[in-house]
Amino acid sequence: MSSKRTAPPPAAAAEPPSRTGRRQQRIAAAVLLTPFTALLVAVFLVPVGYAIYLSFFGEDHEGLGFGGGRTVFTGLRSYLAVLQDPSFLTGFGTIALYCVIFVPLVVLSALAIALLLDSGLVRLRRTAQMLLYLPHAVPGIIAAVLWLYLYTPGLSPIIKVFAQADITIDFLGLHTVLPSIVNIALWSGLGYNMIIFYAALQALPREVIEAATIDGAGGIRTALQVKVPIIRGSLVMVCMFSLIGALQLFTEPMLMNQATPMVNSRFTPNMYIYDAAFRRNNYGLASAASVILLIVTCALSYAVTRWSGRRERSAR
């Protein structure tokens, strides 16, 4: 007598989450997002909103200005004053030139070092990473003070060495002060960006690198045509963060303002804001300049993001 095998019952389709399950997911998401949302509101949205509010008000002094002023609504007057101020526009020109020099230099240098470390050609990679990252661990103001000492004639051992070779160099001169500031920022930010690139390279599938090697690709070709396109996301992120940091340049030129007349009190937009708020006591003007700087920063960040998105879609 032949026995018939009964087919196993079909697997039950995955049931959609119930209303209770969806509610629990929403509660869990809200709990996890609450600390970030509270921090975002406290340290970003509230200050930005208050700055926008202050930008529409100003101090009105009666008579010769000796008496106490009163706060009045001025509308867009502070914005027009900022945009018509030649020193503010000159500061934006300075920061634009700084971005053109600094951002490509720091991104390409950090990427090159990360590729070199990932290739295995450098011995003691952990030690090299630590030595390259150490400058970033130094506070920005300390780094600026150290480099200012090396830039100051009569104190700098570097200038003395050049003088013995009959080479005269002024690191704080008209045409060299901006490259000197770029050098300080590069010294501080190179290791941090290198670590980001190196971490992205370490996450690459090793079989992809091995396949490129089997196909006959050399080290340079593998780095430029295989590794770099895969870590494009990290490259865009570093470019955007470097651009945002460059637009907020303040510490280095603020210290150099005490050492050279080539850096005035409104050398960058951030220095203009500081001068308007704490030297001229014009908080409406400082707030308007802050809002304009925020708009420019957001617009440039959005442009970089859109450009990278188009490049990624065209590469597919």
Side-chain angles (χ1 to χ4, degrees), residues 44-103 140-141 144 148 172-182 184-185 242-304:
F44 181 74
L45 295 182
V46 170
V48 167
Y50 187 58
I52 295 174
Y53 169 79
L54 286 179
S55 66
F56 292 108
F57 293 87
E59 293 289 328
D60 186 21
H61 296 273
E62 298 179 355
L64 297 177
F66 295 107
R70 57 190 181 91
T71 303
V72 296
F73 179 77
T74 58
L76 299 177
R77 189 175 69 183
S78 295
Y79 290 94
L80 295 177
V82 169
L83 295 175
Q84 294 175 358
D85 193 337
S87 60
F88 183 75
L89 301 179
T90 302
F92 256 110
T94 302
I95 208 69
L97 182 58
Y98 173 81
C99 291
V100 169
I101 299 174
F102 170 72
V103 174
I141 189 169
L148 185 59
L172 303 177
L174 176 61
H175 301 292
T176 55
V177 66
L178 190 60
S180 297
I181 295 174
V182 170
I184 300 174
S242 300
L243 179 62
I244 294 173
L247 290 172
Q248 298 174 358
L249 180 65
F250 178 77
T251 303
E252 294 85 356
M254 192 66 182
L255 285 175
M256 289 188 175
N257 179 34
Q258 310 298 324
T260 174
M262 301 304 164
V263 179
N264 57 40
S265 60
R266 306 177 192 178
F267 188 73
T268 65
N270 263 344
M271 292 180 67
Y272 180 94
I273 295 168
Y274 179 88
D275 179 77
F278 300 108
R279 291 178 180 170
R280 291 181 281 168
N281 295 321
N282 193 336
Y283 296 104
L285 192 70
S287 300
S290 301
V291 173
I292 293 173
L293 180 60
L294 175 64
I295 293 173
V296 172
T297 303
C298 293
L300 290 177
S301 301
Y302 177 75
V304 171

Heavy-atom pair with the smallest gap, counting every atom of N270 and L249: CB-O, 3.6 Å
Pairs meeting criterion side-chain hydrogen bond (donor to acceptor under 3.5 Å, both in side chains) with involvement of residues 243-261, two or more places apart: none
Qualifying side-chain hydrogen bond (donor to acceptor under 3.5 Å, both in side chains) pairs, either residue in residues 287-304, two or more places apart: Y302-R306
Nearest non-hydrogen partners of M271 and N264, listed with the distance: CE-O, 3.1 Å
Pairwise side-chain contact, I292 with F88, heavy-atom cut-off 4.5 Å (strictly under): yes
Heavy-atom check, side chain of F92 versus side chain of L293, under 4.5 Å: yes
For the student: nearest non-hydrogen atoms of P253 and V263, plus distance: O-CG1, 3.2 Å
Smallest separation among heavy atoms of I273 and A286, with atom names: O-CB, 3.7 Å
S180 side chain reached by I184 side chain, heavy atoms, under 4.5 Å: no
Pairs flagged by salt bridge (charged side-chain N to carboxylate O under 4.0 Å, His left out) wherever residues 73-86 is involved - sequence neighbours left out: D85-R266
More than 12 heavy atoms of other groups within 6.0 Å of L80 CG: yes
Flag side-chain contact, heavy atom, 4.5 Å: Y79 against F56: yes
Check: L172 and M256 side chains under 4.5 Å, non-hydrogen atoms: yes
F57 vs L54 side-chain heavy atoms within contact, under 4.5 Å: no
OH/Y53: more than 12 non-hydrogen atoms of other groups inside 6.0 Å: no
For the student: nearest non-hydrogen atoms of L148 and L255, plus distance: CD2-O, 3.9 Å
Non-hydrogen side-chain atoms of Y274 and R279 separated by less than 4.5 Å: yes
Heavy-atom side-chain proximity of I181 to F102 below 4.5 angstrom: no
